[in-house]
Each structure stands twice: as C-alpha cells, then as structure tokens.
Amino acid sequence: MSTPDADGMLAEQLLRLTRRIHRIQKQQLEPIGITPAQARLLRTVAFYDRPPRMADLAERLEVVPRAVTSLVDGLEASGWVRRAPDPTNRRVIRIELTDSGTATLRSLRTARRSAAESVLAPLTAEQREVLGGLLSTLVDGGARLPR
C-alpha cells in the first residue's frame, strides 16, 4: 500500500522524466526543423490508412480544430503535407503526406529512438519490459477515467 506522500513523490518523478524526455526530444527535432507539436501531427497524419480530414486530426489529437489548422499551415509551408479536396465531397479537405513528409517521418523515428535510448540506457532489457508493462497499465487505466 502506498502513502499519499510516496504517490506524490512518484508523480513528481514521472513529471521530471516527462520534462527530460521533452527536452531531449526537442534537441533531437531542432536539426530536422520541426517542433514537437508538428512532429506529433505529422505522425498522426501517417497513422491513417487514407488522408484524414482536419476534424479527424483534431479529434485524434484531442485539440480544437484551429490548433490543427495552424500546425497544418506550418507543415504545408515546409512541404511535408498538402491539403487536397476529398474526391467524394469537394467541401471536405484532406491532409496528405508528401514524399518529403514521409522522409521527415523516417528522420523523426530515428530521433525518437535516439532520445528513448538516452533515457532508457541505464535499464536492462528486462527492466524496460517491466517499465513498458507498468506504463501501459497506467495509460490504459487513464483511458477509462471520465472526462
């Protein structure tokens, strides 16, 4: 059984680790010329089997649609995505990855692996597996909480 103080310390450690991961990730993304938010959106666009609508992206990212619009603007200006009309409904705009966007995704994956390795380096393979299971439990458990 944990005490409130121990739980508070654990929460603080998780927060510090999250901040460290964000710092490392930001350093890894700088040479690519992409922000963490843009990188997340680019990965989200690639997640879909067919080009998503802006509303799909906003829902998946749990943000307001105007936040997606400005992120897409930045990605489009960099040539990583393009807006395209939906073939079945001209009023709907879909977001497509460009070849450059696909190449950038490969660079992002490499940067994420490098960032993860620097954080996880002190752990053995077995410890990483245990940590992955614990984090999955926490993440999946949080999904059931009411909003």
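Values below: every heavy atom of this structure, side chains too, minus hydrogens, waters and symmetry copies.
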Q: Taking the side chain as every heavy atom from C-beta outward, state whether Thr35 and Leu29 have any pair of such atoms under 4.5 Å apart.
A: no
Q) How many angstroms lie between atom CD of Glu62 and atom CZ of Arg60, to the nearest 0.5 angstrom? A) 9.5 Å
Q: Examine distances only and state if a side-chain atom of Thr137 and a backbone atom of Gly133 form a donor-acceptor pair shorter than 3.5 Å.
A: yes
Q.
Surrounding CD of Glu96 (heavy atoms of other residues, nucleotides or ligands, distance under 6.0 Å), is the total greater than 12?
A. yes
Q | Contact summary for Gln28 and Ala115, nearest pair of heavy atoms | A | CG-CB, 4.2 Å
Q. Are the side chain of Ser78 and the backbone N or O of Leu75 linked by a donor-acceptor pair below 3.5 Å?
A. no
Q) About how many Å separate CZ of Arg53 and CD of Glu59, when rounded to the nearest 0.5 Å? A) 8.0 Å
Q.
Starting from Ile95, can I reach Leu61 by hopping between I/L/V/M/F/W/Y residues whose side chains sit under 4.5 Å apart?
A. yes
Q.
Let me confirm one number: the CZ-CZ distance from Arg112 to Arg109, rounded to the nearest 0.5 Å.
A. 9.5 Å
Q) Under 6.0 Å from the CZ atom of Arg82, do we count more than 12 heavy atoms belonging to anything else shown? A) yes
Q: Answer yes or no: is there a side-chain heavy-atom contact under 4.5 Å between Leu120 and Leu131?
A: yes
Q.
Is it the case that the side chain of Thr44 and the backbone of Leu57 share a donor-acceptor pair, with hydrogens and angles ignored and the cut-off at 3.5 Å?
A. no
(Q) When you compare the side chain of Lys26 with that of Ile21, does any pair of heavy atoms fall below 4.5 Å? (A) no
Q. Does atom CD of Glu129 have more than 12 heavy-atom neighbours, drawn from other residues, nucleotides or ligands, at distances under 6.0 Å?
A. no
Q. When rounded to the nearest 0.5 angstrom, what is the spacing between OG in Ser107 and CD1 in Ile32?
A. 5.0 Å
Q: Determine, stepwise, if the pair Asp86 / Arg50 fulfils side-chain contact (heavy atoms from CB on, under 4.5 Å).
A: CA-CA 11 Å; Asp86 184 295; Arg50 66 183 205 139; 4.2 Å; yes
Q: Report the distance from atom CD of Gln38 to atom OG of Ser70, rounding to the nearest 0.5 Å.
A: 9.0 Å
Q: Decide, yes or no, whether a salt bridge links Arg128 with Glu117 under the criterion of side-chain N to carboxylate O below 4.0 Å.
A: yes
**Q.** Side-chain touch Asp56/Arg94, heavy atoms, less than 4.5 angstrom
**A.** yes
Q) With a 4.5 Å limit on heavy-atom distance, are the side chains of Asp73 and Thr69 in contact? A) yes
Q: Could you state whether Leu17 and Leu10 fall into the same hydrophobic cluster, counting links through intermediate Ile, Leu, Val, Met, Phe, Trp or Tyr residues with side-chain heavy atoms under 4.5 angstrom apart?
A: no
Q.
Please check if the number of heavy atoms outside Asn89 that lie under 6.0 Å from its CG is greater than 12.
A. yes
Q) Sub-3.5 Å donor-acceptor pair from the side chain of Thr98 to the main-chain atoms of Trp80, do we have one? A) yes
Q. Would you say Val45 and Pro52 make side-chain contact, with heavy atoms under 4.5 Å?
A. yes
Q: Carefully, step by step, assess Arg19 and Leu15 under the rule side-chain contact (heavy atoms from CB on, under 4.5 Å).
A: CA-CA 6 Å; Arg19 287 180 179 147; Leu15 184 59; 3.6 Å; yes
(Q) Is there a path of hydrophobic side-chain contacts, each under 4.5 Å between heavy atoms of I/L/V/M/F/W/Y residues, joining Phe47 to Leu71? (A) yes
Q: Take Arg43 and Leu105, measure what side-chain contact (heavy atoms from CB on, under 4.5 Å) needs, and give me the verdict at the end.
A: CA-CA 7 Å; Arg43 286 191 312 271; Leu105 273 173; 3.9 Å; yes
Q) Taking atom CG of Leu108 and atom CD of Gln25, what is their separation to the nearest 0.5 Å? A) 8.5 Å
Q | Glu76/Arg83 salt bridge by N-O under 4.0 Å criterion | A | yes
Q | Leu97 side chain reached by Leu42 side chain, heavy atoms, under 4.5 Å | A | yes
Q) Is Pro85 close to Val92 at the side-chain level, that is, under 4.5 Å between some pair of heavy atoms? A) no
